[in-house]
There are 2 protein chains.
Amino acid sequence: MTKEKRYQKITKFTVAVDCIVFGFDGTRLKILLIKRGLEPEKGKWSLMGGFVNEDESADIAANRILKTLTGLEGIYLEQFHTFSSPERDPVQRTVSIAYFALIDINKYKESINTDFEAEWFPIKEFPHLIFDHNEMVLLAQKKLQYKAASHTILFELLPDKFTLPLLQSLFEDVFNTSFDKGNFSRKMLSTKLLIKQKEKDKSNSKKGAYYYKLDKKHYEDNLHKILKLIPNPNNLL
Amino acid sequence: MTKEKRYQKITKFTVAVDCIVFGFDGTRLKILLIKRGLEPEKGKWSLMGGFVNEDESADIAANRILKTLTGLEGIYLEQFHTFSSPERDPVQRTVSIAYFALIDINKYKESINTDFEAEWFPIKEFPHLIFDHNEMVLLAQKKLQYKAASHTILFELLPDKFTLPLLQSLFEDVFNTSFDKGNFSRKMLSTKLLIKQKEKDKSNSKKGAYYYKLDKKHYEDNLHKILKLIPNPNNLL
DNA sequence: ACAAAAGTGTTCGTAGTACACCCATGG
DNA sequence: CCATGGGTGTACTACGAACACTTTTGT
């Protein structure tokens, strides 16, 4: 390569977006997969993805694609890595910008788009995926942990009202560990970001657990002073 | 967009790599910039970058480009974000995969490649850059902090032998804060990753400060139990 | 009344902070 | 011999981990 190299000689690439869509059904952390609609590998399980158009940024494209495939708008989306190995797509040279998405699984149920065969799989036992999508899922999980350790993004996975035990089981699943319920609840409440509701959820116990809502007013202001929930926030990446 | 959409209709993009090269001269954290060698914006300051070739991954391309521009190999490189706004390059639709690089500024001096006009600028006062490169630098700084808070990557910026006061001033500059010297040294030493040398550096004081080396044997094993050096590892991203 | 889940209290150990103090040595 | 930066000692505090204990209520 010389100083004088010009744009016109440069190889061009197809640019795709792939999304790892996380959901939580109250018991287990899951990801949403789809039966691929085009060759190659048509009919096999894959991540939700598509191509970036001429006039779009990758963020815009990811939102558009998720809306098309799930019917949902305003989903939490975060770019986490770009995959560019020459071998990753056997048909043609494609670079994929990968995102993870967090959605409330109940909202998804309401507006499901049945044009596409999508299905939720537990994060621990999903089928083999096409191309390098398995690798993408693994990295997405790590990035989710990394980010969740000091931010409130996991609330995106829950309904408006949720109980502390439910929140705890979500955290336990995301970090693949278990927490002391007493310490967990105190730590959560100490952030002052949860507003106690009057109703209880009695579906899981006789006593019932109070519902809480995330305080969205303070939410934005307090992103800086959130919890250090994870025993050891190191070894995550 | 329909299920039947085929690959061949898809827009193709030029794919570039841009590197934010960090260095530390013993006093201040700096970045390495270059006078752009091709139109548009020829002659203006820009990040070190280039285009990804047909048969390369972005990682390979980034290494190649850094070698070409600085003469250095084996530099610490980490992909951190992909920029894809349609407006980012005025000439043609280009997606840029951005990396941050960490190099020992002394090694750079030895093998400098003078074909290119490169220059170090303090991270606090660098010139205006082309395209969205300023934005890239800002994000790179944040990612560097984020990662450095729980990993040993900052040692990539130092020579083999370094003193604790030097290490401290690097940390202070990266995190834009100050630490108690006593606590800093104890915390560092407690990781058991530093090996004390016999010589002292007397350039900064009469008493002199011992040199240390990073224990590269334990380095790999201990990436999990590293320091929590930063007062509040939150509010970083 | 008892099982089972929710939630509270209490103890203990450790890690961070602040700051006073000692050390070595070149001028 | 003293100013300067390097380095140690120590007391205080806060927070996390663990776990025993109390509360609630449907069966």
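Keep in mind that this is a model prediction, so the values were computed, not measured. Here is the naming used below: chain letters follow the sequence lines, and residue numbers restart at 1 for every chain.
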### Task
Hey, can you tell me if A/Phe155 and A/Phe162 have their rings parallel, tilted or perpendicular (30° and 60° cut-offs)?
tilted

### Message
Counting only side-chain heavy atoms from C-beta out, which of C/dA18, C/dA4, C/dG7 sits nearest to A/Leu164?
### Response
C/dG7

### Task
In whole angstrom, give the distance that lies between atom NZ of A/Lys200 and atom P of C/dA5.
15 Å

### Query
Closest to the B/Lys206 side chain: C/dT25, D/dG7, D/dG26?
C/dT25

#### Entry: Nearest to side-chain heavy atoms of B/Lys181, which nucleotide of C/dC19, D/dG6, C/dG7
D/dG6

## Note on the structure
B/Lys187 has its side chain closest, among C/dT17, C/dA4, D/dG6, to C/dT17

### Task
Flag yes if more than 12 heavy atoms outside A/Tyr210 fall under 6.0 Å of its OH atom; otherwise flag no.
no

### Task
Send over the distance from B/Phe179 CZ to C/dG16 P, rounded to a whole Å.
12 Å

### Message
On DNA chain D, does the nearest nucleotide to A/Ser205 precede the nearest nucleotide to B/Thr163 from the 5' side, or the other way round? Give the residue.
### Response
B/Thr163

#### Entry: Presence of donor-acceptor pair under 3.5 Å, side chain of B/Arg186 and base of D/dG7
no

### Query
When the distance from CD of B/Gln168 to P of D/dT8 is rounded to whole Å, what number comes out?
13 Å

### Task
Assign the ring pair B/Phe100 / B/Phe80 to parallel, tilted or perpendicular, where the plane angle (0 to 90°) is split at 30° and 60°.
tilted

### Summary
Between OH of A/Tyr211 and C1' of C/dA6 the distance, given in whole Å, is 14 Å

### Query
Would you call A/Ile105 and A/Lys107 a side-chain contact if the rule is heavy atoms closer than 4.5 Å?
no

### Rounded distance (Å) that lies between atom P of C/dA6 and atom CG of A/Asp201
9 Å

### Query
Which of the following nucleotides, C/dG26, C/dA24, D/dT8, is nearest to the side chain of B/Lys207?
C/dA24

### Task
Choose from D/dT8, C/dT17, D/dG6 the nucleotide whose nearest atom is closest to any side-chain atom of B/Asn183.
C/dT17

### Query
Which whole-number value in Å describes the distance from A/Phe162 CZ to C/dA6 P?
15 Å

### Summary
Among D/dA17, C/dG26, D/dT25, the one nearest any side-chain atom of B/Lys202 is C/dG26

### Task
Would you mind telling me which of D/dT8, D/dA18, D/dG6 lies closest to the side-chain atoms of A/Asp180?
D/dA18

### Query
So, the side chain of B/Glu78 versus the backbone of B/Tyr99: is there a donor-acceptor pair under 3.5 Å, distance only?
no

### Query
Between the base of C/dA6 and the side chain of A/Asn204, is there any donor-acceptor pair under 3.5 Å?
no

